[in-house]
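Working notes, beginning with the structure itself.
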Amino acid sequence: MDFFRSMAIAFSMYSAIPMPQFQWDQKSYQNSFSFFPFVGAGLSGVLFLIYRLYCRIGLSSPVAGMILTAVIVIYTGGFHIDGYMDTMDALCSHRSRDEKIRIMKDPHIGAFGVIQLVVLMLFTVSGIYEALGRGQFYSLLYAFVISRSLSGIAVCTFKRRDNNTSLIRFETKGSRQATLVWMFVYIFIALVLMFLNHDSTAIIATLVSVVWLFISKAICEKELGGISGDTSGYFLCICEAIFIWTDVIAASVILYFKV
């Protein structure tokens, strides 16, 4: 019962999928974070079904790219995009650290956040469009598990801005370590599937995503004093876009040298 309660809490928190309502206790709340990448796997499943429908209907790739991008936003309820916009508002202001933190806490949407959201959507739509045209779509499905697993590693190990962030809190060191182990298990399973499917572009995209993890860590610690709930959304949104475009570029480079 605890297993399903924690899973339901995870989907309730990190997706817009309706879930049965449970009484939240601290243990179930903590355990729910172990299912964060599982939520990403659910998104991959939904995108896979829509892609199969796209193949049958014969929609144009640009339309399919826009629909698939919209599904990503709808599935998550914009949960991570909110943090992305708040963080971009702060970082693009080029003000002092205290002022950046104040901007992040402001409930109003700033111009920089809107501009950077448009940029993110353009990169995502165009990346999916290119992947569809090159027959690389299946490789992109790993992005939503890898990004959430890396985000989980950051939450468990990286310096936090303060104790008032919306990040999940672990009561004991053991619970944090258990969650961290699950994050590595998800990544291991994804990598095994990549190797079995000879998906070298997805492996390269995963490695580049790890590089982005440490770059984002340096940015957040220098500019904002550490990670927070908002910066987790910032990391995840950019990580998915990086994964998609790395996969596309890697496929083009491999094809070029084969030719």
Inset, instruction - Sequence neighbours left out, what passes ring-ring contact (aromatic ring centres under 6.0 Å, His included) with Tyr234? Give chain and number order. - result: Trp212
Legend entry - Ser32 side chain to Ser6 backbone, donor-acceptor under 3.5 Å: no
Inset, instruction - Would you list the pairs meeting salt bridge (Lys or Arg N to Asp or Glu O under 4.0 Å) in which at least one residue belongs to residues 234-251, sequence neighbours left out? - result: Arg148-Glu240
Inset, instruction - For Ser126, enumerate each residue passing the side-chain contact (heavy atoms from CB on, under 4.5 Å) test, keeping only those at least two apart in sequence or located in another chain. - result: Trp245
Inset, instruction - Write down the atom of Ala154, the atom of Leu213, and the distance for their closest heavy-atom approach. - result: CB-CD1, 4.0 Å
Inset, instruction - Flag the pair Leu150 / Ser209 as yes when at least one side-chain heavy-atom distance between them is below 4.5 Å, and no otherwise. - result: yes
Legend entry - Results of side-chain hydrogen bond (donor to acceptor under 3.5 Å, both in side chains) for Asp199 - residues two or more places apart only: Ser139, Thr201
Legend entry - Ile109 atom CD1, neighbour heavy-atom count above 12 within 6.0 Å: no
Legend entry - Results of salt bridge (Lys or Arg N to Asp or Glu O under 4.0 Å) for Arg134 - residues two or more places apart only: Glu130
Legend entry - Partners passing ring-ring contact (aromatic ring centres under 6.0 Å, His included) against Phe79 (at least two apart in sequence or in another chain): Tyr14
Legend entry - Heavy-atom check, side chain of Ile146 versus side chain of Met194, under 4.5 Å: yes
Legend entry - Those residues that, when tested against Tyr54, pass ring-ring contact (aromatic ring centres under 6.0 Å, His included) (two or more places apart): Tyr51
Legend entry - Side chain Ser151, main chain Ser147, donor-acceptor under 3.5 Å: no
Legend entry - Check: Asp89 side chain, Gly110 main-chain N or O, donor-acceptor pair, under 3.5 Å: yes
Legend entry - Note, His80 side chain near Tyr84 side chain (heavy atom, < 4.5 Å): no
Inset, instruction - Decide yes or no for Ser200 and Ile254: does some side-chain heavy atom of the first lie under 4.5 Å from some side-chain heavy atom of the second? - result: yes
Inset, instruction - Apply ring-ring contact (aromatic ring centres under 6.0 Å, His included) to Phe144 and list each qualifying residue two or more places apart in sequence or on a separate chain. - result: none
Legend entry - CG on Leu224 to CD1 on Ile219, rounded to 0.5 Å: 9.5 Å
Inset, instruction - Could you state whether Phe214 and Met183 fall into the same hydrophobic cluster, counting links through intermediate Ile, Leu, Val, Met, Phe, Trp or Tyr residues with side-chain heavy atoms under 4.5 angstrom apart? - result: yes
Inset, instruction - Could you check if a side-chain atom of Val73 sits within less than 4.5 angstrom of a side-chain atom of Met121, using non-hydrogen atoms only? - result: yes
Inset, instruction - Indicate yes or no: at least one non-hydrogen side-chain atom of Val63 is less than 4.5 angstrom from one of Ser60. - result: yes
Inset, instruction - Measure the acute angle between the ring planes of Phe36 and Phe33, then classify it against the limits of 30° and 60° as parallel, tilted or perpendicular. - result: parallel
Inset, instruction - Report the distance from atom CG of Leu68 to atom CZ of Phe48, rounding to the nearest 0.5 Å. - result: 12.5 Å
Legend entry - Phe123-Tyr129 co-clustered via ILVMFWY side chain contacts under 4.5 Å: no
Legend entry - Matching residue for Thr87 among Met104, Lys100, Gln116 - test: side-chain contact (heavy atoms from CB on, under 4.5 Å): Met104
Legend entry - Heavy atoms from other residues, nucleotides or ligands near CZ of Phe38 exceed 12 (cutoff 6.0 Å): no
Inset, instruction - Under the side-chain hydrogen bond (donor to acceptor under 3.5 Å, both in side chains) rule, collect the residues that match up with Glu221, sequence neighbours excluded. - result: Lys217
Legend entry - Gly229 backbone acceptor or donor facing Arg161 side chain under 3.5 Å: no
Legend entry - Transitive ILVMFWY cluster of Ile103, excluding itself - 4.5 Å side-chain cut-off: none
Inset, instruction - State, yes or no, whether a side-chain contact exists between Val155 and Ser232 at a heavy-atom distance under 4.5 Å. - result: yes
Inset, instruction - Kindly indicate whether the side chain of Leu53, heavy atoms from C-beta on, has any atom under 4.5 Å from the side chain of Leu49. - result: no
Legend entry - Remaining members of hydrophobic cluster (4.5 Å side-chain criterion), Val192: Phe188, Leu196
Legend entry - Smallest separation among heavy atoms of Ala190 and Tyr142, with atom names: O-CE2, 3.8 Å
Legend entry - Neighbour count >12 (heavy atoms, 6.0 Å) for atom OH, Tyr138: yes
Legend entry - Over 12 foreign heavy atoms within 6.0 Å of OH, Tyr75: yes
Inset, instruction - Could I get the full list of side-chain hydrogen bond (donor to acceptor under 3.5 Å, both in side chains) partners for His108, not counting sequence neighbours? - result: Asp106
Inset, instruction - Taking all non-hydrogen atoms of both residues into account, name the closest pair between Ala250 and Ile204 and its distance. - result: CB-CD1, 4.1 Å
